[in-house]
Colleague: 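Quick one: the structure is below, and I'll ask about it shortly.
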Amino acid sequence: MDKFVIQGGRKLGGRVTIGGAKNATLALMPAALLAHGTFRLRNTPVLRDVSTMASLLRTMGVKSEMKEHVLTLDTTGVNKQEAPYEHVKKMRASIYVLGPLLARYGRAKVSLPGGCAWGPRPVNLHIEGMKKLGASVELKRGYIHASAARLTGARIYFDVSSVGATGNVMMAAVLAKGTSLIENAAIEPEITQLAQFLQMMGAKIHGIGTNRLEIEGVDAMHPADVETIPDRIEAGTFLVAGAITRGTIILERVIPEHFSALLTKLEDAGCVVNVGSDTVTLSCPDGMKPVDVTATIYPGFPTDMQAQWIALMAIASGTSVVTDTIYLDRFKHVPELIRLGADIELKENAAFVKGVKLLTGATVMSTDLRASASLILAGLIAEGTTEVLRVYHIDRGYEAIEKKLQALGADIQRVSGEEF
Ligand code: EPZ
């Protein structure tokens with residue numbers, strides 16, 4: 001397993017190009033199961049999660065090739081409708097194949113995802129949605145066994161706004177007989193892009209971008225090409241890297257409105273933010289003021305930036321409260337940040353972060369993707385050397401993060417080896 005060795009104290013500066021969105025790609029790839037033919041997904045990021053999804057689709061007979069960030073999928077040879085445990089345990093988003101397999105092939109056998117580093121990750125909304133569309137669903141020996149001669153349109157209301165359940169049910173409903181209505185649908189940009197992609201494939205969807213989606217089922221769909229939207233969480237992570245080191249960062253190839261809540265919070269903390277059409281320039285010469293944040297559904301402050309914000313507030317000039325209303329226990333990064341000298345107290349789903357003058361380097365352990373990002377950010381300013389272990393977590397969601405940080409002036413090296 002690899003680790004990162006970081007010498008803290010460097011101010012970051014310069015331009016960084018942001019890649020395609022992981023959480024859009026992980027929805028667009030299974031959508032290709034809805035039609036036979038060749039699809040091209042441009043601006044696809046090179047990530048572990050993307051290769052995990054590609055290998056899952058390959059077990060079903062999908063051919064895939066990645067070349068210069070263009071992912072080509074050929075679904076003409078699909079001959080299996082199963083997502084085995086060994087894939088799903090690596091990546092919960094594997095469950096996204098359930099809806100398209102049911103819609104196109106009338107059956108699916110998908111392993112229930114386990115939990116993840118920070119707790120249970122239920123899929124009841126996915127399963128209930130498929131049942132509402134007329135599928136028979138049985139849970140047996142850790143697997144979801146679903147079948148339907150043809151799905152039928154239905155009204156579906158989500159008690160909880162769910163990105164994954166919205167995507168899955170939408171991918172099932174597009175080939176159902178009749179019209180479906182999805183209410184309290186997630187409106188994250190990645191779901192909006194999925195809906196647009198399905199429309200390019202021939203689906204009939206109204207209300208895209210709103211939390212009320214009306215879908216008229218069609219009999220067949222066809223392949224399409226798409227340009228994946230930029231990753232708003234990678235963008236936010238690099239903005240925090242600039243802020244925490246009091247540098248000046250210019251993000252390129254971004255959609256600023258996809259992370260406007262974060263931009264406002266960075267301004268509240270004392271940063272100067274300039275927004276272009278596909279760029280954002282940020283500079284924070286005077287350090288951070290404490291700013292409270294509540295992570296919530298889009299367009300609110302994203303839960304996927306909660307860990308990074310706590311790292312930033314760890315060196316603010318006062319106390320801030322960071323609350324997560326999406327995942328109440330997504331705080332595995334806090335004990336590790338405390339080992340770097342942060343002063344944080346957890347109370348249920350809120351972290352009370354008392355800014356300190358200085359963090360000091362130590363060896364810390366990655367537990368999940370965004371926790372790893374927060375440890376790297378803290379290491380950028382911790383005095384001395386910080387070693388972040390098990391960086392395979394970060395490789396799931398950030399393409400060559402150490403190279404991009406080095407190009408901005410960070411002293412960070414990837415060290416390969418077995419023992420850590
Ligand atoms: C997506 O996960 C993202 N993953 C997550 O990003 C992100 O944190 C999350 O949305 C919230 O924005 C992908 O898109 C691949 P949810 P998802 O269903 O779809 C509850 C990252 O770091 N819920 O919107 O799994 C759930 O427990 C990852 O890139 C149910 O109760 O999230 C949570 O409290 C981490 N029942 C809330 O809904 C269900 O059936 C939101 O979860 C489904 C979800």
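Nothing here was measured: the structure is a model prediction, and the numbers come from that model.
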Colleague: I need the full list of side chain to side chain donor-acceptor pair (under 3.5 Å) pairs touching residues 280-290, with sequence neighbours left out, sorted by first then second residue.
Modeller: none
Colleague: Would you say that I95 contacts V88 through its side chain, given a criterion of any heavy-atom pair below 4.5 Å between the two side chains?
Modeller: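 No. Closest side-chain heavy atoms not under 4.5 Å.
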Colleague: Checking side chain to side chain donor-acceptor pair (under 3.5 Å) against Q306, which of R330, H333, R370 comes through?
Modeller: H333
Colleague: Without hydrogens or angle criteria, can the side chains of N23 and E190 be said to hold a donor-acceptor pair below 3.5 Å?
Modeller: no
Colleague: With a 4.5 Å limit on heavy-atom distance, are the side chains of I215 and L198 in contact?
Modeller: no
Colleague: Does the side chain of T323 pick up a donor-acceptor pair with the side chain of N349 at under 3.5 Å?
Modeller: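 The answer is no; no qualifying pair exists.
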Colleague: Which residue pairs pass the ring-ring contact (aromatic ring centres under 6.0 Å, His included) test when at least one of the two sits in residues 261-297, sequence neighbours left out?
Modeller: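 Qualifying pairs, neighbours excluded: none.
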Colleague: Which pairs with one or both residues in residues 1-59 pass disulfide (SG to SG under 2.5 Å), sequence neighbours excluded?
Modeller: none
Colleague: Taking side chain to side chain donor-acceptor pair (under 3.5 Å) as the definition, give me every residue that meets it alongside T319, ordered by chain and number, with sequence neighbours left out.
Modeller: none
Colleague: Is there a donor-acceptor contact under 3.5 Å from the side chain of Q193 to the main chain of I229?
Modeller: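 The answer is yes, because a donor-acceptor pair under 3.5 Å joins these two groups.
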Colleague: Hey, is CD on E383 packed in by over 12 heavy atoms from elsewhere, all under 6.0 Å?
Modeller: no
Colleague: Are S374 and Q308 close enough that a side-chain donor and a side-chain acceptor fall under 3.5 Å?
Modeller: no
Colleague: Is a donor on one side and an acceptor on the other found under 3.5 Å between the side chain of S366 and the backbone of L389?
Modeller: yes
Colleague: Please collect all salt bridge (charged side-chain N to carboxylate O under 4.0 Å, His left out) contacts where either partner lies in residues 41-55, sequence neighbours excluded, each pair once.
Modeller: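 Every salt bridge (charged side-chain N to carboxylate O under 4.0 Å, His left out) pair that includes a residue of residues 41-55, provided the two are not neighbours, is K22-D49, R42-E227, D49-R396.
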Colleague: May I ask you to check whether R10 and T245 show a side-chain donor-acceptor distance below 3.5 Å?
Modeller: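 Per modelled atom types, R10 and T245 side chains form no pair under 3.5 Å.
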Colleague: Would you compute the distance between atom CD1 of I310 and atom CG of L377 and round it to the nearest 0.5 angstrom?
Modeller: 12.0 Å
Colleague: Give me each pair satisfying ring-ring contact (aromatic ring centres under 6.0 Å, His included) with a member in residues 261-320, each pair once, sequence neighbours excluded.
Modeller: F301-W309
Colleague: Does atom CZ of R253 have more than 12 heavy-atom neighbours, drawn from other residues, nucleotides or ligands, at distances under 6.0 Å?
Modeller: no
Colleague: Give the C-alpha distance, both sets of side-chain angles, the deciding distance and a yes or no for side chain to side chain donor-acceptor pair (under 3.5 Å) between S416 and D2.
Modeller: CA-CA 4 Å; S416 302; D2 294 358; 3.3 Å; yes
Colleague: Say whether, by atom type as modelled, one donor and one acceptor occur between the side chain of K404 and the main chain of I18 under 3.5 angstrom.
Modeller: no
